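Here the structure comes first, spelled out in structure tokens, and everything after it is commentary.
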Amino acid sequence: MPELPEVEVTRLGLLPHLAGRRVTGVRWSNRRLRRPMPRRLLREWIENGVITTIDRRAKYLLVRMQGGAVLVVHLGMTGRLGIFAAPSPGARHDHLCLRLDNDREVRFNDSRRFGSITVWPADEAGRLEEEFAAGLGIEPFSEHFNAANLLALAEKRRLPVKSFLMDSRIIAGIGNIYASEILHAAGLHPLTPVNRIHRQQWQQVVTTGRAILEEAIRAGGSTIADFLDASGQPGYFQLRLRVYGRGDLPCPDCGRIIEKTVLAGRATFFCPGCQPLPRE
DNA sequence: CAATATACCTGGATGC
DNA sequence: TGCATCCAGGTATATT
């Protein structure tokens, strides 16, 4: 489900419900997520703690506790977070539940269990930054996401540009949907080897990329104003996707038929008119 | 080093 | 209706 915009929309929706609240109880399912549930650390560092704020890095949510501990949540493919009235029936695939001091609960639901929950104790949370820095690439909304940096990262590789955009070690937060959308907006064929891309085209990727991600966050934000009893449907469904999922339909820009192909095992959509593959 | 394959899971859509 | 098959927005690890 979630790429950077959906995670950011989740963060924005959750924040007013969580900031300043004390966690009065923690429960979990017996199922293993991507990693085992850190039961001991949840009891030790999250239960009875006070949430100060929520940050985001790539597709990770960082729920920060007073004193410095951090609850890190990744939504995987199907993970959702929502706020619910405290005595209310749980749902199938609820895997973590934080009871709050206002008779509400935040619940993590994830049918495929590709999501993850980790706890960083206060005395280790300082390493979180370097951990992320080591494993994750450029944030699309940071100043480092610029044409010069992308050009430098790309010049020695022949990776298809879609794989480049989706590689979280290079660029953080762009997933399968937005990769297709950004490349369409930038006029680049998904298979274009990155070392063939010029500075000006990278500038297009930067500009259109930010615009698309921002627009998606805004679209989600408008319907997510109330996150209570979140059905898990942040508003991104209303997003107007221009190529993703539109194989065999006309391109909204030029009318040519949008093609679907598979790249690195992932559905990939592009318009052969707007996104020509450069020839030798 | 780079590209691909596979593994982790459930559920919805599709086809017979 | 039942059953098999394929597909899904992510990531880590193994293998060519």
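Model, not experiment: these values are computed from the prediction. A, B, ... follow the sequence lines: proteins, then strands. Residue 1 opens every chain.
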- Looking at every strand, decide which applies to A:R31 at a 4.0 Å heavy-atom threshold: base, sugar-phosphate, or nothing. sugar-phosphate
- Message: Expressed as a whole number of angstroms, how long is the span from A:K162:NZ to B:dA2:P?
- Response: 19 Å
- Message: Nearest 0.5 angstrom please: A:L151 CG to A:Q200 CD, how far?
- Response: 12.0 Å
- Query: Base, sugar-phosphate alone, or nothing: which one does A:R92 contact when heavy atoms must sit under 4.0 Å apart?
  - Reply: sugar-phosphate
- Query: Atom CG of A:D110 and atom C1' of B:dC8: how far apart are they, to the nearest Å?
  - Reply: 11 Å
- With both distances kept under 3.5 Å, what pairs with C:dT16, Watson-Crick or G-U wobble? B:dA2
- Message: Under a 3.5 Å cutoff, is there a donor and acceptor pairing between the side chains of A:H95 and A:S29?
- Response: yes
- Atom CZ of A:R266 and atom P of B:dT6 are separated, to the nearest Å, by 16 Å
- Task: Let me know the distance between CZ of A:R80 and P of B:dT10, rounded to the nearest Å.
- Result: 16 Å
- Message: I want to check one thing: is the phosphate of B:dT10, taken as OP1 and OP2, less than 4.0 Å away from some side-chain N or O of A:H93?
- Response: no
Protein N or O to nucleotides 14-16 of chain C N or O, pairs below 3.5 Å:
none

- Message: Please report the distance separating the P of C:dG9 from the corresponding atom of B:dT14, rounded so that it comes out in whole Å.
- Response: 16 Å
- Query: In whole angstroms, how far is the C1' atom of C:dA8 from the NZ atom of A:K260?
  - Reply: 10 Å
- So, A:F114 and C:dT11: ring centres less than 5.5 Å apart, planes less than 30° off, yes or no? no
- Message: Working to the nearest 0.5 angstrom, can you tell me the gap between A:R35 CZ and A:M37 CE?
- Response: 12.0 Å
- Taking the P atom of each, how far is C:dC6 from B:dT6, in whole Å? 14 Å
- Length of the line joining A:L75:CG and B:dC8:C1', which is rounded to integer Å: 17 Å
- Message: C:dG9, OP1 or OP2 - any side-chain N/O from A:Y244 closer than 4.0 Å?
- Response: yes
- Query: Base, sugar-phosphate, or nothing for A:R158, non-hydrogen atoms under 4.0 angstrom?
  - Reply: sugar-phosphate
- Message: Can you tell me if A:R112 touches the phosphate of B:dC8, counting only side-chain N or O atoms and a distance under 4.0 Å to OP1 or OP2?
- Response: no
- Message: Tell me whether A:R43 at atom CZ has more than 12 heavy atoms from other residues, nucleotides or ligands lying less than 6.0 Å away.
- Response: yes
- Nearest listed nucleotide, side chain of A:I177, among C:dG9, B:dA3, C:dT11: C:dG9
- Message: For a quick check under 3.5 Å, do A:T53 and A:R11 share a side-chain donor-acceptor pair by atom type?
- Response: no
- Query: Which nucleotide, in any strand shown, forms a Watson-Crick or G-U wobble pair with B:dC9, with both distances under 3.5 Å?
  - Reply: none
- Message: Can you see whether A:E6 engages A:T10 through a side-chain donor-acceptor pair at a distance of less than 3.5 angstrom?
- Response: no
- Item | Whole-Å gap separating C1' (B:dA3) and CG (A:L159) | 8 Å
- How long is the gap from CG on A:L75 to CD1 on A:I117, to the nearest 0.5 Å? 8.5 Å
- Ranking B:dG11, C:dG9, B:dC9 by distance to the side chain of A:S111, first place goes to B:dG11
- From the list B:dG11, C:dT11, C:dA8, which nucleotide is the closest neighbour of the side chain of A:K59? C:dT11
- Measure from CD1 on A:I117 to P on C:dT11 and round the result to the nearest Å. 15 Å
- Item | Donor-acceptor pair between A:K162 and A:S180 side chains, under 3.5 angstrom | no
